[in-house]
Amino acid sequence: MSGTHDGAAVVSARGARRWLGGHPWIFKSDVVRAPQGPAGAVRATDPNGRPLGVALWSPTSEISLRFVSTRPDVALDDAWWRARIGAAIARRAGILDARTNACRLVHGEGDGLPSLVVDRFDRWLVVQLLSAGLETFRAPIVAALADLTGAEGILARNDVSVRGREGLSRDVETLAGAVPETVEVLEHGVRYLAAPHSGQKTGAFLDQREARALVGAVARGRALDLFSYHGSFALHLAARAEQVRAVDSSAAALARAAENAALNGRTNIECVEADAFDFLRDEERAGARYETVVLDPPAFAKNRASIAGALRGYRDINRRAMRLLAPGGFLYTASCSYHVGKDAFLAMLADAAAESGRRMILRAITGQPADHPEVLTIPETGYLKGALLEAGE
Ligand code: SAH
């Protein structure tokens with residue numbers, strides 16, 4: 001289960017430079033000699049035989065190797081996994097406190113644990129093992145997590161498409177103890193039910209926790225939560241706004257939003273099942289006005305080829321949302337498309353503002369919370385960006 005197997009990989013000079021420059025991925029085209037043997041941990045060298053360290057090897061993936069250490073002699077034994085996972089958990093000290101009981105414990109490459117995601121929801125964990133190389137270490141990973149967190153149950157949400165590209169099965173499986181259908185999450189004074197087995201991602205979108213508090217603090221009047229999912233922004237808006245409309249195309253998500261509103265004793269949240277694009281267009285035509293608007297769409301750019309189309313989509317909804325704002329109103333807008341970078345996002349917002357005919361003041365630029373660490377040399381660890389905008393008079 002542990003250690004490296006024989007038959008070291010040889011990585012091209014370009015691949016070696018990439019790793020030495022701080023990026024752990026080696027693509028298939030940069031593997032000069034593939035490791036002998038099945039998925040697992042392998043040693044790798046550059047073309048001159050200089051040791052580069054130890055990597056996770058995925059035989060069928062486009063990302064063949066994911067480096068985990070520069071030390072060629074390191075053994076990925078139980079103690080190694082425990083130490084690396086322990087360091088990730090220690091990095092979250094101070095996040096799990098009286099204000100929240102849910103956070104991401106392991107953010108893959110951001111924590112030096114490529115292709116591993118672990119989210120904590122109160123006393124339970126949800127994990128994703130997203131590469132063939134990592135999958136071979138499932139047992140020590142689960143043992144370390146159970147031991148370090150004392151979790152009552154660990155669920156694998158391995159039902160994601162990237163597993164297919166790794167030649168792995170796609171399933172949802174309990175790995176330890178038992179995990180309930182819903183877990184009550186406390187988040188800055190708001191409570192909502194996460195759904196580890198069936199919800200989107202690992203059951204809730206933890207990456208917007210701080211943004212929800214930010215916009216919640218300035219919310220007032222008539223408020224709109226577009227792409228609301230189970231209403232987590234709406235719940236924060238409802239504490240200060242008079243009336244909140246949560247809009248989503250998923251009836252199941254809105255049913256949970258209504259349940260969450262009741263859980264918080266909120267009677268000022270109205271759930272609207274609609275396509276957000278159509279909803280915005282209709283509201284704009286009707287001349288509607290809102291004091292607070294949240295736009296948190298799914299990733300429109302799934303790959304490089306779809307960036308231009310995605311930017312048009314973002315510009316369209318942002319322009320319309322800006323036009324709906326009452327003078328002095330706030331718009332919190334986000335993009336979780338990795339392929340749309342921070343600069344492109346802000347440029348898109350500037351275009352949308354120009355087209356909207358409104359003067360939009362940039363009050364805050366937001367990124368990922370500390371439990372989703374972004375590494376400067378690994379751009380893929382950063383995907384979420386947002387802006388809090390205020391409409392001028
Ligand atoms: N704001 C949420 C997360 C949103 S995830 C939170 O903080 O928890 C994106 C949501 O957009 C999903 O719930 C999905 O059902 C919804 N969605 C996707 N396409 C949509 C569309 N065209 N119109 C309305 N909702 C859409």
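Read the numbers this way: they start at 1 and go in the same order the structure lists the ligands and their atoms. The residues of the chain are indexed from 1 along the displayed sequence.
When heavy-atom distances to ligand 1 are checked against a 4.0 Å cut-off, Ala274 comes that close only through its backbone atoms N, CA, C and O. Residue-level proximity to ligand 1 for Ser232 is carried by the side chain, the only part with a heavy atom below 4.0 angstrom.
Polar contact check, Asp225 against ligand 1: no nitrogen or oxygen pair lies under 3.5 Å apart. Residue Arg212 places at least one N or O, backbone or side chain, under 3.5 Å from an N or O of ligand 1. An N or O contact shorter than 3.5 Å is missing between His230 and ligand 1 by distance. Residue contacts with ligand 1: Phe277 is placed with no nitrogen or oxygen under 3.5 Å of a nitrogen or oxygen of the ligand (distance criterion only). Polar contact with ligand 1: present for Phe227 (N/O pair, distance under 3.5 Å).
Between Cys336 and Leu384 the shortest heavy-atom distance is CB-CD1, 4.1 Å. Considering every non-hydrogen atom in both Gly22 and Thr377, the closest pair reads O-OG1, 3.0 Å.
Atom 18 (C) of ligand 1 has as its closest protein heavy atom Pro298 CG, 3.6 Å. The nearest protein atom to atom 1 (N) of ligand 1, hydrogens excluded, is given as Asp296 OD2, 2.7 Å; this is a heavy-atom distance. Of the protein's heavy atoms, Asp275 OD2, 3.0 Å lies nearest to atom 22 (N) of ligand 1. Of all protein heavy atoms, the one lying nearest to atom 14 (C) of ligand 1 is Asp248 OD1, 3.5 Å. Of the protein's heavy atoms, Ala276 N, 2.8 Å lies nearest to atom 23 (N) of ligand 1. Given atom 5 (S) of ligand 1, the protein heavy atom at minimum distance is Phe205 CZ, 3.4 Å. Counting only heavy atoms of the protein, atom 26 (C) of ligand 1 lies nearest to Ser249 OG, 3.1 Å.
Between Phe345 and Tyr314, the gap from one ring centroid to the other reaches at least 6.0 Å.
Under a 4.0 Å heavy-atom criterion, Cys336 is not in contact with ligand 1.
Ion pair Asp122/Arg120 not flagged as a salt bridge, since none of the NZ, NE, NH1 or NH2 atoms sits closer than 4.0 Å to an Asp/Glu carboxylate oxygen. A salt bridge links Glu283 and Arg245; the closest N-O separation between the charged side-chain nitrogens and carboxylate oxygens is under 4.0 Å. The pair Asp78-Arg82 fails the salt-bridge criterion, with no side-chain N (NZ, NE, NH1 or NH2) lying under 4.0 Å from an Asp/Glu carboxylate O. Ion pair Asp159/Arg170 not flagged as a salt bridge, since none of the NZ, NE, NH1 or NH2 atoms sits closer than 4.0 Å to an Asp/Glu carboxylate oxygen.
Between Phe227 and Phe277, the angle of the ring planes goes over 60°, which puts this pair in the perpendicular group of the 30/60° scheme.
Residue Ser250 has at least one heavy-atom neighbour below 4.0 Å for each of these atoms of ligand 1: 15 (O).
For the pairing with Leu295, the side chain to side chain contact (heavy atoms under 4.5 Å, CB included) check across Leu224, Asp225, Ile317 returns one residue only, Ile317.
Side-chain atoms of Leu65 and Leu56, non-hydrogen and from C-beta on, never get closer than 4.5 Å to each other.
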